[in-house]
Asker: 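The structure that follows is given in the form of structure tokens.
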2 protein chains.
Amino acid sequence: MSKAVTIKDIARTLGLSVSTVGRALADSTQISEETKARVRQAALKQGYVAHSGARAMRSGRSTLIGLLVPDIQNDFYGTVAQALAACCAAAGYQLVLAVTDENPDVELSHVRGLMEARVAGVVIVGSAAPRPETLTLLARIHTVQLIRRIAGLDSAWFGMDDAGCLEVPTAALIALGHRRIAYVGGAKELSTGDRRLGGYQAAFARAGLEIPHDLIRLGPPRAAAAAQMFADLWSHRAARPTAVVTGGARLTVGVLESIADLGLQVPDALSVIGFGDAPWLKWWGTAGLSTVALPVRDIAASCGEYLMRRINENGEGRSADAAPFHAMHAPHLVARSSTAAPPQRD
Amino acid sequence: MSKAVTIKDIARTLGLSVSTVGRALADSTQISEETKARVRQAALKQGYVAHSGARAMRSGRSTLIGLLVPDIQNDFYGTVAQALAACCAAAGYQLVLAVTDENPDVELSHVRGLMEARVAGVVIVGSAAPRPETLTLLARIHTVQLIRRIAGLDSAWFGMDDAGCLEVPTAALIALGHRRIAYVGGAKELSTGDRRLGGYQAAFARAGLEIPHDLIRLGPPRAAAAAQMFADLWSHRAARPTAVVTGGARLTVGVLESIADLGLQVPDALSVIGFGDAPWLKWWGTAGLSTVALPVRDIAASCGEYLMRRINENGEGRSADAAPFHAMHAPHLVARSSTAAPPQRD
DNA sequence: TTGTATGCGTTATCAC
DNA sequence: GTGATAACGCATACAA
């Protein structure tokens, strides 16, 4: 691990000035081809590796992009990261991954870190209630929100039709004859939690039915929390649901966990419609879990492309800084064997 | 997005020198508490954010850690990333995520990028056949290999008992009476592919049985490839297996995909033992997929801790640079309903 | 306890 | 076509 080779070193061995070497490596037109060749060869031979930190410091252009997600284990955010990583790589950027675990303090700490690293931009799936400082920091740089919208953060957003994500499956269950449809969703503090709950309720309203308020459970978007919520729901023997819909990818995992623990027969004892389109969902149980499938990959890709564009057009003066950009992708229902008509009354 | 505040700015407003401000922010003992307080207040008020790039340049200490994985969508590497991210955050480092997609050229390009970013260290799940330059570059910095071992890269390695990972399930199937056990694994060029195949073969050898060479399929560790390999295996009607074991997390996904496409009854038509311990495996089919479960999280955590330690002890002279470190974690079999005795002959 | 000066590796601005 | 020099933001050796 000897000291790294710098432009200066190359300049010395070649009897050239640092500026010439620098320009040669940058392939400047004002350097003779011959010199360029000599420089390149020397650089290769000596194992020169450019110092992007120094470059960024001088030029003000960073190649780092921050990605803040609550979790990276779940397929959902895995897919997000994969798509974004591809975007970054294609545009010559590097992805700095920060896992917030839904914790606003961890989130703030990571945002601070990203600011210190002078990232060129940030993609964030925000926590339920970000610290005020988090917002002021993010306001200083190119920020794009993904999936969730943070109140008070005036930036572009890419996500899905959250209300539709729950109205569709809820309506489908209603059409099958279900009335006691439970909802296990994310807290209202999350934009997704709020809107998805709205979609669930809208389905009842549109059908002219009462909303079964006793069957609604909201909490942190974690599997463990969802498992508990569902177990609690089921513990009220006299007032059990005939179906359940979930309002998030990790919540779905938790509910399935709980259903397995309770040994419930699906769809005989209970119909289920989950959330997301991880490959394994289609293998759940006897012939797959019905789900609301989302174009997560597309959402993340659009988001990444948009951010890259914004970053690049920054210097080029065309500051179409206009209104914050919003893009909404539509979900669709994938009906599988976890859904059926409710047991007949009488 | 006005210009960022620097210590110089703070120094000016406070009528202090830059070094005093710098020391105050670094909480140096040789600065009066009063001055520190004034500086901190001014920094807060003006919205000062340290420039880690400049700091790294001056001090030679980077806070960046590179993580190279073939894929980030799959639970397996998601878990790796999650554990590593936690390690990094705890130690004040930031994780730069690079997805190689098993492509050695993409891998090299990412390694170059990480070198340019002057990362303090790298954790790599190497591709099957890395480019020579990749190795020379990695040799220059703190590198730890994860899961796979790259021939010719002399660095620490953290992984599992790969041979055991296949000997255990294969032996279990043999004990159940299976003889025609298929193996869908990663290419021999991968250290894991080679060793896992070895474990599969060892199980037969130990039982004094012939190895069913016609039932072995090796290929790239991707779901799509595995699906094809299994389909091919099954297409030989006269010589079908009674059981299949897989040699990787993503290969397992592919085989399951293929089994579903072919509409096979498990375990009646075929017994299956998969790889990994993603939560959904226990929900596969009627009562779960049997698997070889691995302490991926532990492996990644050990790996991260080791790397952090190496990086930190770097300056402190105690260069216990001795022999490359190796740590091997043990797998264990989780038997579920996808495994049963083979159909009786006669 | 504080200030001055220097350099980390690069690029940009001059000059030749 | 090439070179000398300054500057990016910070940390540190050396003075005071």
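The structure displayed is predicted, hence computed values, not measured ones. So you know, we letter chains A, B, ... as the sequences are listed, proteins then strands, and number each from 1. Hydrogens, waters and symmetry mates are skipped; everything else that's a heavy atom, side chains included, is used.
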Asker: Any idea which heavy atoms bring A:Val99 and A:Val106 closest together, and the distance?
Answerer: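 Here A:Val99 and A:Val106 meet closest at O-CG1, 3.7 Å.
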
Asker: What is the distance, rounded to the nearest whole Å, between atom CG of A:Leu25 and atom P of C:dG9?
Answerer: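 After rounding, the reported distance stands at 15 Å.
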
Asker: What's the angle between the local helix axes at either end of the helix from C:dT1-D:dA16 to C:dC16-D:dG1, using five pairs per end and rounding to 10 degrees?
Answerer: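 Inter-axis angle at the termini of the helix from C:dT1-D:dA16 to C:dC16-D:dG1: 40°.
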
Asker: Other residues, nucleotides and ligands only: do more than 12 of their heavy atoms fall within 6.0 Å of CZ on A:Arg61?
Answerer: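 Counting other residues, nucleotides and ligands, CZ of A:Arg61 stays at 12 neighbours or fewer.
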
Asker: From the set D:dG9, D:dG3, C:dT10, return the single nucleotide nearest to any side-chain atom of B:Thr6.
Answerer: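 Out of D:dG9, D:dG3, C:dT10, the nucleotide with an atom closest to B:Thr6's side chain is D:dG9.
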
Asker: Looking at the base of C:dT11, is there any donor atom on it, or on the side chain of A:Arg58, that sits under 3.5 Å from an acceptor on the other one?
Answerer: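 Between C:dT11 and A:Arg58, which were checked side chain against base, a qualifying N/O pair under 3.5 Å is present.
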
Asker: Nucleotides 14-16 of chain D: which of its N/O atoms have a protein N/O under 3.5 Å away?
Answerer:
none

Asker: How close or far is atom C1' of C:dT10 from atom CD1 of A:Ile7, stated in whole angstroms?
Answerer: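 About 6 Å, once rounded to whole Å.
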
Asker: Does the side chain of B:Ser17 get closer than 4.0 angstrom to OP1 or OP2 of C:dT4 through an N or O atom?
Answerer: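 No.
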
Asker: Give a yes/no answer on whether the side chain of B:Lys8 brings an N or O atom under 4.0 Å of OP1 or OP2 in D:dC8.
Answerer: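 For D:dC8, OP1 or OP2 has a side-chain N or O of B:Lys8 closer than 4.0 Å.
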
Asker: Nearest whole angstrom, please: distance from the P of C:dT1 to the CG of B:Asp27.
Answerer: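 Computing the B:Asp27:CG to C:dT1:P distance gives 13 Å.
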
Asker: Is the shortest side-chain N to carboxylate O distance from B:Glu107 to B:Arg148 below 4.0 Å?
Answerer: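 No salt bridge links B:Glu107 with B:Arg148.
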
Asker: Among B:Thr134, B:Leu114, B:Leu146, B:Thr143, which residue satisfies the side chain to side chain contact (heavy atoms under 4.5 Å, CB included) criterion with B:Leu68?
Answerer: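 Of all the options given, the one that passes is B:Leu114.
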
Asker: Could you work out which one of C:dG9, D:dT2, C:dT2 sits closest to the side chain of A:Met57?
Answerer: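 Closest nucleotide to the A:Met57 side chain: C:dG9.
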
Asker: Roughly, in whole Å, what's the span from CD in B:Glu33 to P in C:dT2?
Answerer: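 My rounded result for the distance is 11 Å.
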
Asker: Does a nitrogen or oxygen in the side chain of B:Ser19 sit under 4.0 Å from OP1 or OP2 of C:dT4?
Answerer: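 Indeed not, no polar side-chain atom of B:Ser19 lies that close.
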
Asker: Might you point out which heavy atoms bring B:Arg131 and B:Asp105 nearest each other, and give the distance in Å?
Answerer: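 Smallest heavy-atom distance, with atoms named: NE-OD1, 2.7 Å.
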
Asker: For A:Thr35 and B:Val49, take the nucleotide of DNA chain D holding the closest heavy atom to each; which residue's nucleotide lies nearer the 5' end?
Answerer: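 Mapping each residue to its closest nucleotide by heavy atoms, the 5'-most match is A:Thr35.
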
Asker: Does A:Gln46 have more than 12 heavy atoms from other residues, nucleotides or ligands lying within 6.0 Å of its CD?
Answerer: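 Check passes, neighbour count above 12.
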
Asker: Applying a 4.0 Å non-hydrogen cut-off, can you work out what B:Ala50 is touching in the nucleic acid: base, sugar-phosphate, or nothing?
Answerer: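 Contact class for B:Ala50: sugar-phosphate only.
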
Asker: Is B:Asp71 close to B:Asn74 at the side-chain level, that is, under 4.5 Å between some pair of heavy atoms?
Answerer: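 They are in contact (side-chain heavy atoms under 4.5 Å apart), so the answer is yes.
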
Asker: In whole angstroms, how far is the P atom of D:dA11 from the CZ atom of B:Arg55?
Answerer: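 From B:Arg55 CZ to D:dA11 P: 5 Å.
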
Asker: To check you understand the geometry: which heavy-atom pair defines the closest contact between A:Tyr93 and A:Ser62, and what is its length?
Answerer: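 What the structure gives for the nearest pair is CE2-O, 3.5 Å.
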
Asker: Show the nearest heavy-atom pair for residues B:His51 and B:Ala54, with the distance to one decimal.
Answerer: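 Between these two residues, the closest heavy atoms are ND1-N, 3.0 Å.
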
Asker: Is the phosphate of D:dC10, meaning OP1 or OP2, less than 4.0 Å from a side-chain N or O of B:Ser59?
Answerer: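 No, outside the criterion.
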
Asker: Distance check needed: D:dA11 P versus B:Arg61 CZ, whole Å only.
Answerer: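 Rounded to the whole Å, the gap is 10 Å.
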
Asker: Separation of B:Leu14 atom CG from C:dG3 atom C1', in whole Å?
Answerer: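 Rounded to whole Å, this separation is 15 Å.
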
Asker: Whole angstrom is fine here: how far is it from CD1 in A:Ile10 over to C1' in D:dT2?
Answerer: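 Rounding to the nearest Å, CD1 of A:Ile10 and C1' of D:dT2 are 17 Å apart.
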
Asker: So, for B:Ala300 and B:Leu84, which heavy atoms are closest and what is the spacing to 0.1 Å?
Answerer: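 Nearest pair, atom of B:Ala300 first, then B:Leu84: O-CD1, 3.1 Å.
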
